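Beneath this line is the structure, given in structure tokens, with notes to follow.
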Amino acid sequence: MLEIKLPDGTIVSHPDDATPLSVAEKIGSRLAKAVIAAKIGDLIVDATRPLKSFANGAPIPLRLLTEKDPEALDVLRHSSAHVMARAIMRIYPNVSLAFGPTITNGFYYDFDLPQKLNEDDFAKIEAEMAKIIELAEPFEQFSLDRTQSVELCRDMKQTLKVEHIETGLASHESLGFYRQGEFVDLCRGPHIPDAGRIKAFKVMSIAGAYWKGDADGLQLQRVYGTAWFSPKDMQAHLEQVEEAKKRDHRVIGKRLGLFQISSEVGPGMCLWLPKGARIRSLLEDFLRKEMLKRGYEPVYSPHLGRVELYETSGHFPYYRDSQFPPLFVNDGGALVDGWIRRLESKEGLPAAHEQAFMQAAEVLGCEIKEYKVEQSVAERTAVLQAWQRLHERYLVKPMNCPHHAQIFKAMPRSYKQLPLRLFEFGTVYRFEQTGELNGMLRVRGLTQDDAHIFCTQDQVEQEFRNTIELTRMVLESVGLKDYRVQLSLRDPKSDKYVGSEENWQKAEAALRRVLEESGLNFQAAEGEAAFYGPKADFMVRDCIGRQWQLGTVQLDYNLPERFQLEYIGSDNKTHRPVMIHRAPFGSMERFVGMLTEHFAGAFPMWLAPEQVRICPLSEKSNDYALELEKQFLDAGFRVTVDLRGAKVQAKIRDAQVELIPYMAVVGPREAETRSIALRDRIEGELGTKPVAEVLSMLAEEVNQRRIRFAVQKETTEPEQPKVAETESHEY
RNA sequence: GCUGCUGUAGCUCAGUGGUAGAGCACUUCCUUGGUAAGGAAGAGGUCAUGGGUUCAAGUCCCAUCAGCAGCUCCA
């Protein structure tokens with residue numbers, strides 16, 4: 001007999017061949033029908049899995065999973081992936097299966113198949129799935145040893161599965177399979193008892209994916225689907241997907257006229273339209289003011305820097321592929337650049353090409369006399385590099401740090417000047433792959449709210465504390481209160497890190513201490529540090545539950561070394577400072593894009609590009625409306641008057657659609673009493689108030705940076721908790 | 001960068017190889033009103049670009065560019 005412990009603590013005895021299903025049957029036949037799977041401890045298993053294998057002396061902790069358990073939905077979706085794979089195999093010959101896991105809100109399956117699927121095929125696939133589901137055949141588990149498994153997969157012509165068994169699963173002695181009708185798949189499970197449990201499903205989309213994530217490897221077709229226990233649930237989900245789409249900053253940005261990406265300017269190049277620029281400048285002004293309070297000093301630096309500057313910093317040519325190519329003042333610059341790269345390439349430079357290079361140099365008027373073909377590759381490269389150093393080459397700056405390091409070096413520094421905090425809203429350019437570009441969230445030209453703090457090792461802790469405080473203050477000022485910090489530390493086993501052991505230890509301990517005393521939710525991630533120093537990244541959750549990596553603080557032992565930065569200490573000796581990179585917003589583009597989605601375009605009063613729309617009842621009231629506009633402008637508000645010959649209903653509708661926080665409706669009555677019939681975008685009519693009262697009430701909302709949401713936050717389960725975008729603007 | 005899809009008016013989109021369409025926005029006129037759309041008229045197009053097939057191409061084919069989704073990448 002098996003001893004089984006139920007969730008309420010009772011222990012029941014069952015025969016040795018008991019399964020979760022048989023246990024459920026003992027409790028009641030309705031429960032048995034509802035069982036989807038079971039949980040033994042933390043392990044989710046099939047409802048038909050014999051419990052005996054989990055016996056270890058103590059009573060087996062068993063929990064039956066029904067439709068109500070979130071874990072059951074995952075099981076359902078994984079089974080749905082099998083059903084979809086089965087359907088696709090029926091429709092198309094020569095399908096090779098890859099992996100078919102569940103994801104948030106659904107599942108996918110990767111296939112290698114000769115014909116290209118497209119959306120028109122979905123109906124066919126869904127129809128075939130429906131047939132399979134209707135038959136409600138059971139999922140049957142069985143295990144085979146390695147040899148048998150490979151044989152079975154070979155027989156079924158599942159070459160990817162064979163490969164996976166031989167590589168990824170090399171350490172497994174026995175392998176699990178599931179059979180459902182004619183369909184057999186290598187699978188760990190668990191599965192629903194039978195396909196009839198799938199009550200709602202839909203093939204969602206198709207996309208490319210790589211076998212085992214290798215971009216150079218085989219490209220597969222990935223079919224996404226979703227599955228639910230009821231059509232109603234699925235409907236709700238599909239509506240929510242629509243809702244999330246409506247928050248898309250690209251859609252809202254266009255509708256509200258915030259920004260534009262014009263393909264004529266270039267992909268990934270963002271044009272800030274007046275309203276978007278308004279929001280950005282409000283954020284910049286706010287942060288600038290806070291930084292000035294905290295002892296930062298503004299600096300400016302040009303958008304270009306000599307290539308040598310980035311050679312010193314180590315960014316060139318290391319990140320060459322994601323930088324815009326260098327600008328050459330001399331016609332031969334690009335030629336010599338390509339020449340060197342071919343000389344240094346694995347394939348080497350064929351003699352014929354070398355002759356062509358030399359001729360081209362002559363044509364361009366930059367013949368390099370010292371260059372001799374009989375010299376070694378190293379010597380020839382050196383000659384070309386010597387030429388390069390004599391001719392100007394510039395890089396559009398991919399980061400601001402080298403410039404700021406030069407500002408530090410502009411004069412001898414004393415310990416008395418430290419910490420030196422230099423800040424700049426610095427625009428940088430990165431040549432991101434075209435497929436990575438995404439609205440404002442991933443662009444090729446971006447402005448970092450960048451600062452570099454140069455300090456002594458002993459000042460690191462206090463500077464880090466101040467930076468954390470600033471970042472929190474910034475996030476909370478826009479209503480982002482749900483965030484955690486990832487503290488990235490060294491991998492103790494690796495020796496790739498620059499900087500002394502002692503400094504690393506001190507720095508890591510200091511960062512940890514600050515985070516602990518801050519009471520922030522943080523987690524340390526060993527081995528995630530950059531080679532040049534530990535860092536702390538802020539992971540922020542927006543109002544619909546998506547996670548964003550925003551602000552970052554990074555310690556750097558590398559650049560001070562490379563740029564030979566030094567200061568004179570109290571001991572009259574030279575010392576090397578520590579550099580701290582930090583950016584509370586990350587980049588203005590990304591932050592405003594994120595905020596647009598967070599607020600769904602309805603920016604709070606302190607950030608709204610237009611705060612008040614004055615709506616005169618008719619043209620008779622236009623004069624009073626214009627008078628009011630002046631009063632609002634004088635009081636510092638962003639206000640416009642709707643002077644159109646339209647009805648007030650239309651004016652209000654337009655203001656609502658434009659998400660303007662307040663509307664001032666004025667007619668003869670208000671003009672008479674010097675008052676305003678105030679309307680709140682969220683609450684509706686607030687009644688008629690004297691002008692002075694409205695001005696002070698709205699000013700208060702601005703000064704307090706009050707955040708008000710129209711709908712209750714998180715009314716539904718967070719959509720897509722997959723990390724929404726994890727771009728980091730690291731240095 | 002890879003795979004797939006898409007590209008028609010400012011926006012959202014119809015469009016069957018045979019004369020380029022709608023709604024909203026815009027302009028003008030009428031209307032002068034009380035909290036989410038008053039009415040009428042007008043203007044607006046090299047159907048992304050370049051080739052090709054065809055008597056005939058927005059429509060079919062190819063290439064390029066751009067956008068979207070996913071993958072890979074992100075100092």
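Model, not experiment: these values are computed from the prediction. Just so we're on the same page: letters track the sequence lines, and every chain starts at 1.
- Distance check on atom C1': A56(B) versus U31(B) gives 50 Å, rounded to whole Å.
- Counting all heavy atoms, side chain and backbone alike, Ala215(A) lies closest to Tyr210(A) at O-CE2, 3.6 Å.
- Gln323(A) comes within 4.0 angstrom of a base, heavy atoms only.
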(Q) Does the protein touch nucleotides 25-35 of chain B at the base, only the backbone, or not at all? Give it as B, S and - per nucleotide, heavy atoms under 4.0 Å. (A) ------BBBBB

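- Taking a cutoff of 4.0 Å between a charged side-chain nitrogen and a carboxylate oxygen, Arg430(A) and Glu432(A) do not qualify as a salt bridge.
- With Phe591(A) as the partner, the ring-ring contact (aromatic ring centres under 6.0 Å, His included) test is satisfied by one option alone out of Trp548(A), Phe585(A), Phe425(A), Phe538(A): Phe585(A).
- Each of Ile206(A) and Ser322(A) has a nearest nucleotide on RNA chain B; the 5'-most of these lies closest to Ile206(A).
- Under the 4.0 Å criterion applied to side-chain N and carboxylate O atoms, Lys535(A) and Asp537(A) are assigned as salt-bridge partners.
- Contacts of Tyr224(A) with the nucleic acid, taken as non-hydrogen atoms under 4.0 Å apart, involve only primed sugar atoms and P, OP1 or OP2.
- Only the C1' atoms considered, C62(B) is 11 Å distant from U53(B), to the nearest whole Å.
- Atom-to-atom, OH of Tyr210(A) to C1' of G4(B) comes out at 12 Å; the value is rounded to the nearest Å.
- Between Trp211(A) and His164(A), the two ring planes are perpendicular [angle over 60°; tilted spans 30° to 60°].
- Look at Lys689(A) and Glu670(A) and you find no salt bridge, because none of the NZ, NE, NH1 or NH2 atoms lies under 4.0 Å from a carboxylate O.
- Side-chain N/O atoms of Ser621(A) and Glu619(A) include no donor and acceptor closer than 3.5 Å.
- Out of A69(B), C73(B), A36(B), the shortest distance to the side chain of Val657(A) is found at A36(B).
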**Q.** Base-pairing string, 5' to 3', of RNA chain B - Watson-Crick or wobble, under 3.5 Å, | interstrand
**A.** (((((((..((((....[..)))).(((((.......))))).....(((((..]....))))))))))))....

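- Remark: Arg222(A) is positioned above the aromatic ring of Tyr108(A), its terminal NZ or CZ atom under 6.0 angstrom from the ring centre and at most 45 degrees off the axis.
- Remark on RNA chain B: of its neighbouring residues Ile261(A) and Gln221(A), the 5'-side contact belongs to Gln221(A), judged by nearest-heavy-atom nucleotide.
- Here Arg669(A) pairs with nothing under the side chain to side chain donor-acceptor pair (under 3.5 Å) rule; sequence neighbours left out.
- Here Arg250(A) reaches the OP1 or OP2 of A69(B): one of its side-chain N or O atoms lies under 4.0 Å away.
- For the C1' atoms, the distance from U3(B) to U46(B) is 32 Å, rounded to whole Å.
- Using a 4.0 Å heavy-atom cutoff across all strands shown, Ser205(A) reaches no nucleic acid atom at all.
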